[in-house]
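Okay, structure first, notes after.
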Protein chains: 2
Amino acid sequence: MLLHSVAVSIDGYNPNDYPPFAVTVDLVVLTVRPPNLKVLLTQRGESPAKGSWALPGGFVGSEQDLIDAAQSKLTDKTGIQVAEAHLEQLGTFGAPKRDPRMRIVSVAYLALVADPPEPELDEASWHRVDGLSDRSLAFDHSEILAKGVERARSKLEYTTLATSFCGAEFTVAELRSVYEAVWGTELDAANFHRKVMATDGFVEATGRTESAGRGRPARTYVASDARDLHPPIVR
Amino acid sequence: MLLHSVAVSIDGYNPNDYPPFAVTVDLVVLTVRPPNLKVLLTQRGESPAKGSWALPGGFVGSEQDLIDAAQSKLTDKTGIQVAEAHLEQLGTFGAPKRDPRMRIVSVAYLALVADPPEPELDEASWHRVDGLSDRSLAFDHSEILAKGVERARSKLEYTTLATSFCGAEFTVAELRSVYEAVWGTELDAANFHRKVMATDGFVEATGRTESAGRGRPARTYVASDARDLHPPIVR
DNA sequence: CCAAAAGTGTTAAGCCTACACCCATGT
DNA sequence: ACATGGGTGTAGGCTTAACACTTTTGG
């Protein structure tokens with residue numbers, strides 16, 4: 001199990017100066033299917049932890065940037081276009097024994113996506129976050145997931161990222177259901193509406209409305225352009 | 001400059017499945033020397049970027065956890081005991097060409113330390129953060145530093161981490177000077193005092209006072225035990 | 001007309017800000 | 001006594017939270 005230095009000859013570096021690592025990306029892909037927050041998991045097809053659930057991920061190419069690796073994994077697993085999702089680095093996990101096979105450092109990314117229509121791949125499926133125990137995932141993936149969920153919860157407080165969970169056009173009620181699913185609380189519809197409207201750079205009216213069957217039809221909105229930036233709170 | 005797969009034989013893995021990386025830690029060590037925020041830098045003794053300033057750091061050992069590598073670098077460069085400092089992961093930087101020699105993924109850590117007494121090592125020295133331009137450091141270290149400073153600024157808003165910049169025993173005025181240095185603003189002394197006192201889990205009175213020469217002596221405090229947790233705001 | 005959901009008004013409580021003011025010490 | 005910094009009081013403005021109320025649709 002010990003890894004020794006490997007012979008790779010590079011100018012300016014003594015080959016034995018540094019130990020070799022494998023670097024992977026793991027993805028915490030979250031979506032909201034009201035009233036639940038869901039995470040994308042893959043079932044492991046081979047040992048170790050064969051048959052158990054894990055976060056999607058894979059090796060980083062030798063000439064590939066970390067974010068590019070995360071983006072391509074996301075598109076592979078969900079078919080979601082990069083422009084439609086929010087993707088940010090979550091943290092790096094590199095305990096020596098986190099993978100029993102070898103020394104792997106994994107850079108975790110958090111993706112927030114709108115609930116995708118139909119075409120989920122066979123290998124991957126959506127799971128309720130609150131139905132997973134602290135140790136139900138392979139390796140240290142439960143820990144990574146917990147950090148992703150915590151990040152998502154706190155980011156909704158001080159950014160406008162909640163719109164990443166919505167489709168292109170959405171109502172204020174849909175946006176509210178995102179907050180309710182992620183936070184696991186109910187929000188006052190009246191105050192929520194006012195708060196969203198009062199926050200610059202959050203949503204922009206389309207002028208259209210959308211009827212949900214019963215009740216007064218709701219106006220629809222799109223996310224403002226400047227959404228990833230650094231806007232106000234919504235609590 | 002191309003790196004190819006290396007032959008390392010590990011059970012369960014095909015040696016050619018993954019590309020080899022070197023993994024390093026880089027440290028953003030911040031301290032406050034009122035009225036300035038300072039960062040610890042080392043001057044590079046060899047090529048590339050010989051002579052220019054860089055963040056302290058180094059390779060992660062093959063059986064070493066990431067945080068352990070960061071802690072030992074911190075102790076090496078500052079002599080500061082781990083228990084006295086706050087250390088948290090900041091982010092991971094792994095652009096393919098960030099180091100011209102080879103593919104290096106660097107896990108950056110942020111350390112907040114009290115201004116150390118005397119024994120600064122020769123290799124490392126403290127620099128005013130606001131005296132550094134966007135490109136004055138080697139590699140992508142200016143970017144890493146910027147992220148560290150930003151993290152420190154925002155964390156002071158919603159945690160009690162400011163006490164990490166203070167010695168074991170401090171006055172409210174000293175604590176205020178920390179906020180003023182990190183944020184680059186002046187704060188109302190009266191309101192600040194009230195806010196700190198009203199925040200549970202922030203400081204605890206020692207019962208002692210400390211005279212700063214002129215004026216009424218200030219009561220001294222120590223950081224509450226539960227400081228890294230998740231306490232209220234101080235703005 | 002009635003139920004339901006969207007959206008607006010209103011009011012009281014709490015928080016923040018500015019600044020007046022008192023306290024305790026060194027010179 | 002007086003200057004200096006520590007610390008408390010207080011009033012006005014702003015934000016929040018709770019909930020009454022009006023609007024607009026489907027049945």
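In what follows, chains carry the letters A, B, and so on, assigned in the order in which the sequence lines appear, proteins first and then strands, with residues in each chain numbered from 1.
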Once hydrogens and angles are ignored, does a donor-acceptor distance under 3.5 Å link the base of C/dG9 to the side chain of A/Arg194?
yes
How close or far is atom C1' of D/dG6 from atom CZ of B/Phe170, stated in whole angstroms?
16 Å
Return the value, rounded to whole Å, for the distance between atom CD of B/Glu157 and atom P of C/dC16.
13 Å
Listing, residues 214-221 of chain A side-chain donor-acceptor contacts under 3.5 Å, not counting sequence neighbours, or none:
from	atom 1	to	atom 2	distance (Å)
A/Thr220	OG1	A/Glu169	OE2	2.7
A/Thr220	OG1	A/Thr206	OG1	2.5
A/Thr220	OG1	A/Arg208	O	3.4

Atom-pair distance (CG on A/Leu175; C1' on C/dA6), nearest Å:
14 Å
Round to the nearest Å and state the distance from B/Lys195 atom NZ to C/dC15 atom C1'.
8 Å
Under the criterion side-chain contact (heavy atoms from CB on, under 4.5 Å), I'd like the reasoning laid out for B/Ser142 against B/Leu132: C-alpha separation, chi angles, the key distance, then a yes or no.
CA-CA 8 Å; B/Ser142 290; B/Leu132 299 167; over 6 Å; no
To the nearest 10 degrees, the angle between the two end axes of the helix from C/dC1-D/dG27 to C/dT27-D/dA1 (five pairs per end) comes to 10°
Of the options C/dG7, D/dG7, D/dC19, whose atoms approach the side-chain atoms of A/Asn191 most closely?
D/dC19
Would a distance-only check, ignoring hydrogens and angles, find a side-chain to backbone donor-acceptor pair under 3.5 Å from A/Glu157 to A/Ser154?
no
Let's go through B/Asp130 and B/Leu37 carefully: what are the C-alpha distance in whole Å and the side-chain angles of both, what is the deciding distance for side-chain contact (heavy atoms from CB on, under 4.5 Å) to 0.1 Å, and is it a yes or a no?
CA-CA 8 Å; B/Asp130 60 9; B/Leu37 179 64; over 6 Å; no
Check each of A/Leu87, A/Asp68, A/Ile67, A/Thr75 against A/Val82 using the side-chain contact (heavy atoms from CB on, under 4.5 Å) test, and report the only one that passes.
A/Thr75
Could you tell me whether a side-chain N or O of B/Thr160 sits under 3.5 Å from a main-chain N or O of B/Phe202, the two making a donor and an acceptor?
no
Atom-to-atom span, CD of B/Glu186 to P of C/dT17 - whole angstrom
15 Å
Could you check whether A/Ala173 gets within reach of a base, just the sugar-phosphate, or nothing at all, counting any heavy atom under 4.0 Å?
sugar-phosphate
OP1 or OP2 of D/dG6 versus the side-chain N and O atoms of B/His193: is any pair under 4.0 Å?
no
Can a donor-acceptor pair be found, under 3.5 Å and without considering hydrogens, that links the side chain of B/Arg151 to the backbone of B/Leu90?
yes
Let me know the distance between CZ of B/Arg208 and P of C/dA24, rounded to the nearest Å.
20 Å
Between B/Arg176 and A/Ala190, who's closer to the 5' end of DNA chain D by nearest nucleotide?
B/Arg176
Would you say the side-chain atoms of B/Glu180 pair up with the backbone N or O of B/Pro35, donor to acceptor, closer than 3.5 Å?
no
Can you tell me the distance, in whole Å, between the CG atom of A/Leu187 and the P atom of D/dT16?
14 Å
Between D/dG26, C/dG26, D/dA17, which nucleotide gets closest to the side-chain atoms of B/Ser211?
C/dG26
Going by number, which of residues 212-219 of chain A have a non-hydrogen atom under 4.0 Å from DNA chain C?
A/Arg214, A/Gly215, A/Arg216, A/Pro217, A/Ala218, A/Arg219
Sidechain-backbone polar pair: B/Arg33 side chain, B/Arg128 backbone, donor-acceptor under 3.5 Å
no
Roughly, in whole Å, what's the span from CG in B/Asp188 to C1' in D/dG9?
13 Å
